[in-house]
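Worksheet: one structure, shown below.
Since this is a predicted model, take the numbers as computed values, not measurements.
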Amino acid sequence: MTGSLFKGNFWSTDILSTIGYDSIIQHLNNGRKNCKEFEDFLKERASIEEKYGKDLLNLSRKKPCGQSEINTLKRALEVFKQQVDNVAQCHIQLAQTLREEARKMEEFREKQKLQRKKTETIMDAAHKQRNAQFKKAMDAKKNYEQKCRDKDEAEQAVHRSANVANQRQQEKLFVKLATSKTAVEDSDKAYMLHINMLEKVREDWQSEHIKACEVFEAQECERINFFRNALWLHLNQLSQQCVANDEMYEQVRKSLETCSIEKDIQYFVNQRKTGQTPPAPIMYENFYSPQRNAAPPGKTTGPNPARRGPLPVPKRIPDDPDYSLVEDYSLLYQ
């Protein structure tokens with residue numbers, strides 16, 4: 001609290017003016033509007049956090065991410081997916097927290113509204129009573145001044161008729177003068193009575209104005225403090241969210257530190273190896289070579305019991321009737 005500043009700085013020399021009171025009320029209304037705007041901001045931020053969390057959760061659980069990886073990198077990716085899932089859950093939880101903070105702000109606004117309404121009702125009644133009594137006092141003053149003018153005119157009429165009017169006319173004038181004097185006295189008493197009542201009403205109104213200023217200043221101090229703390233808490237929640245996210249991502253980094261390129265390569269070799277002997281060189285084969293068909297291209301050579309060896313080259317035995325050589329034949333052309 002800075003002391004009571006409102007009660008000493010929101011007056012007006014015009015007794016009917018409410019400019020100071022209206023200025024305070026306008027400021028309080030603006031403050032209430034500002035709280036409502038922050039409340040709506042929290043709700044909107046909560047919706048954004050919730051949508052982001054759900055989208056991230058959907059991404060983590062449904063979108064493949066390195067699903068065919070193996071060994072240590074596969075384990076690191078599993079940790080990564082799990083931590084992304086945890087981050088998504090944190091954002092959804094943050095959305096719930098923000099909605100709770102918005103609800104607290106709304107409750108605070110409504111509480112201050114009810115407190116203000118009591119004071120405003122009292123002040124409205126004080127203003128109406130003051131204005132009504134001021135009108136009565138001014139009407140009484142106007143009536144008193146008119147009665148004074150009537151008395152003055154009656155006195156002047158009596159003086160003017162002193163030498164020209166007859167006895168009967170003078171008696172009427174004296175009666176009128178006496179009546180006007182009585183009216184002046186009565187109106188004077190009524191005027192003073194209303195002025196005294198107005199002073200009492202004015203004092204009561206000023207007292208209520210001071211009380212209202214103190215209540216409103218206390219409310220404004222409370223509102224500023226509550227608003228500031230709510231904003232501070234909001235920032236702390238966002239910072240905690242960042243810290244929590246980083247801790248989760250740190251788990252992924254630690255998992256990546258255990259990832260071994262050599263182990264993953266060796267694991268792949270052990271699981272998927274197909275053999276250690278490469279194919280033999282492909283040799284040149286002369287078409288006319290007897291060994292041409294001994295080994296098809298790309299196949300290793302070696303004994304194959306299922307295949308027969310090359311045909312032997314026949315030796316010429318001239319005396320053998322079963323053998324004939326090509327050179328023994330002649331071609332006949334027609």
Side-chain angles (χ1 to χ4, degrees), residues 1-37 108-157 176-228:
M1 288 290 291
T2 58
S4 185
L5 296 177
F6 282 14
K7 69 179 183 181
N9 293 280
F10 292 94
W11 296 101
S12 174
T13 56
D14 181 3
I15 189 174
L16 296 181
S17 175
T18 58
I19 185 172
Y21 177 80
D22 292 342
S23 179
I24 294 175
I25 292 299
Q26 181 62 45
H27 179 69
L28 296 180
N29 288 338
N30 290 339
R32 187 167 182 268
K33 178 184 177 183
N34 293 336
C35 288
K36 179 65 168 63
E37 289 174 351
F108 175 78
R109 284 192 307 105
E110 292 302 316
K111 182 193 74 171
Q112 284 210 326
K113 179 182 177 182
L114 294 176
Q115 292 174 344
R116 275 183 53 191
K117 188 173 182 180
K118 295 177 182 178
T119 303
E120 288 176 353
T121 300
I122 294 174
M123 287 302 297
D124 289 344
H127 288 153
K128 290 179 181 179
Q129 186 178 16
R130 179 200 63 184
N131 295 347
Q133 189 57 45
F134 178 81
K135 184 177 184 303
K136 290 179 180 179
M138 293 303 100
D139 289 343
K141 178 184 179 182
K142 185 183 298 184
N143 182 62
Y144 164 70
E145 291 175 346
Q146 183 60 48
K147 295 305 179 183
C148 288
R149 284 190 289 269
D150 292 344
K151 182 182 76 69
D152 292 344
E153 290 178 1
E155 286 179 345
Q156 291 175 5
K176 185 177 181 180
L177 178 60
T179 301
S180 64
K181 287 181 178 181
T182 302
V184 167
E185 292 176 358
D186 292 342
S187 64
D188 181 57
K189 290 178 182 179
Y191 176 39
M192 290 184 64
L193 177 63
H194 283 297
I195 287 296
N196 291 335
M197 292 177 64
L198 177 59
E199 179 60 18
K200 176 66 171 59
V201 170
R202 187 190 66 83
E203 290 177 352
D204 292 343
W205 161 71
Q206 284 190 353
S207 176
E208 292 299 334
H209 180 81
I210 292 172
K211 291 179 183 178
C213 286
E214 291 174 344
V215 170
F216 291 154
E217 184 171 349
Q219 272 202 333
E220 183 61 4
C221 290
E222 182 185 22
R223 186 195 69 83
I224 293 174
N225 184 60
F226 187 88
F227 199 163
R228 185 196 66 169

Using a 4.5 Å cut-off on heavy atoms from C-beta on, say whether the side chain of Lys142 contacts that of Gln146.
-> no
Start with the C-alpha gap between Trp205 and Leu198, add the side-chain angles, then the distance that decides, and say whether side chain to side chain contact (heavy atoms under 4.5 Å, CB included) holds.
-> CA-CA 10 Å; Trp205 161 71; Leu198 177 59; over 6 Å; no
Exam field: side chain Gln133 to backbone Val201, donor-acceptor pair closer than 3.5 Å = no
Between Lys211 and Glu214, is the closest basic N to carboxylate O distance under 4.0 Å?
-> no
Minimal non-hydrogen separation, Glu120 against Phe216, with atom names | CG-CZ, 4.1 Å
Rounded to the nearest 0.5 Å, the CD atom of Glu185 sits from the OG atom of Ser180 at a distance of 10.0 Å
How are the rings of Tyr144 and Tyr191 set relative to one another: parallel (under 30°), tilted (30 to 60°) or perpendicular (over 60°)?
-> parallel
Give, for atom CG of Leu28 and atom OG1 of Thr119, the distance between the pair rounded to the nearest 0.5 Å.
-> 10.0 Å
Any side-chain heavy atom of Arg116 sitting closer than 4.5 Å to one from Ile25?
-> yes
Give, for atom NZ of Lys136 and atom CG of Asn131, the distance between the pair rounded to the nearest 0.5 Å.
-> 12.5 Å
Can you measure from SG (Cys35) to CG (Asn30) and round to the nearest 0.5 angstrom?
-> 11.0 Å
Would you say Leu16 has more than 12 foreign heavy atoms packed within less than 6.0 Å of its CG?
-> yes
Any luck finding a side-chain donor-acceptor pair between Gln156 and Asp152 under 3.5 Å?
-> no
Any Lys/Arg nitrogen of Glu222 or Lys111 sitting under 4.0 Å from an Asp/Glu carboxylate oxygen of the other?
-> yes
Evaluate the side chain to side chain contact (heavy atoms under 4.5 Å, CB included) criterion for residues Thr18 and Arg130: first the C-alpha distance (whole Å), next the side-chain angles of each, then the deciding distance (0.1 Å), finally the verdict.
-> CA-CA 11 Å; Thr18 58; Arg130 179 200 63 184; 3.7 Å; yes
Output, in order, the C-alpha distance, side-chain angles, deciding distance and verdict of side chain to side chain contact (heavy atoms under 4.5 Å, CB included) for Gln112 and Phe226.
-> CA-CA 11 Å; Gln112 284 210 326; Phe226 187 88; over 6 Å; no
Say whether, by atom type as modelled, one donor and one acceptor occur between the side chain of Ser23 and the main chain of Ile19 under 3.5 angstrom.
-> no
Do the non-hydrogen side-chain atoms of Val215 and Gln115 ever get within less than 4.5 Å of each other?
-> no
Ionic contact status for Glu155 with Lys151, cut-off 4.0 Å | yes
Do Asp124 and Lys128 sit within salt-bridge range, that is, some charged N less than 4.0 Å from a carboxylate O?
-> no
Sidechain N-carboxylate O distance under 4.0 Å for Arg202, Glu199 | yes
Taken to the nearest 0.5 Å, the spacing of Ser207 OG from His209 NE2 works out to 11.0 Å
Can you tell me how far NE2 of His194 sits from OG of Ser187, rounded to the nearest 0.5 angstrom?
-> 11.0 Å
Assess whether side chain to side chain contact (heavy atoms under 4.5 Å, CB included) is satisfied between Glu37 and Asn34, documenting all intermediate values.
-> CA-CA 5 Å; Glu37 289 174 351; Asn34 293 336; 3.8 Å; yes
Where is the tightest heavy-atom contact between Glu110 and Arg32, given as atom of each residue plus distance?
-> OE2-NH2, 3.4 Å
Decide whether Asp22 and Gln26 meet the rule of one side-chain donor and one side-chain acceptor closer than 3.5 Å.
-> no
Validation row: Leu193, Met197 side chains within 4.5 angstrom (heavy atoms) | yes
Within a reach of under 6.0 Å around CE of Met192, are more than 12 heavy atoms found that belong to other residues, nucleotides or ligands?
-> no
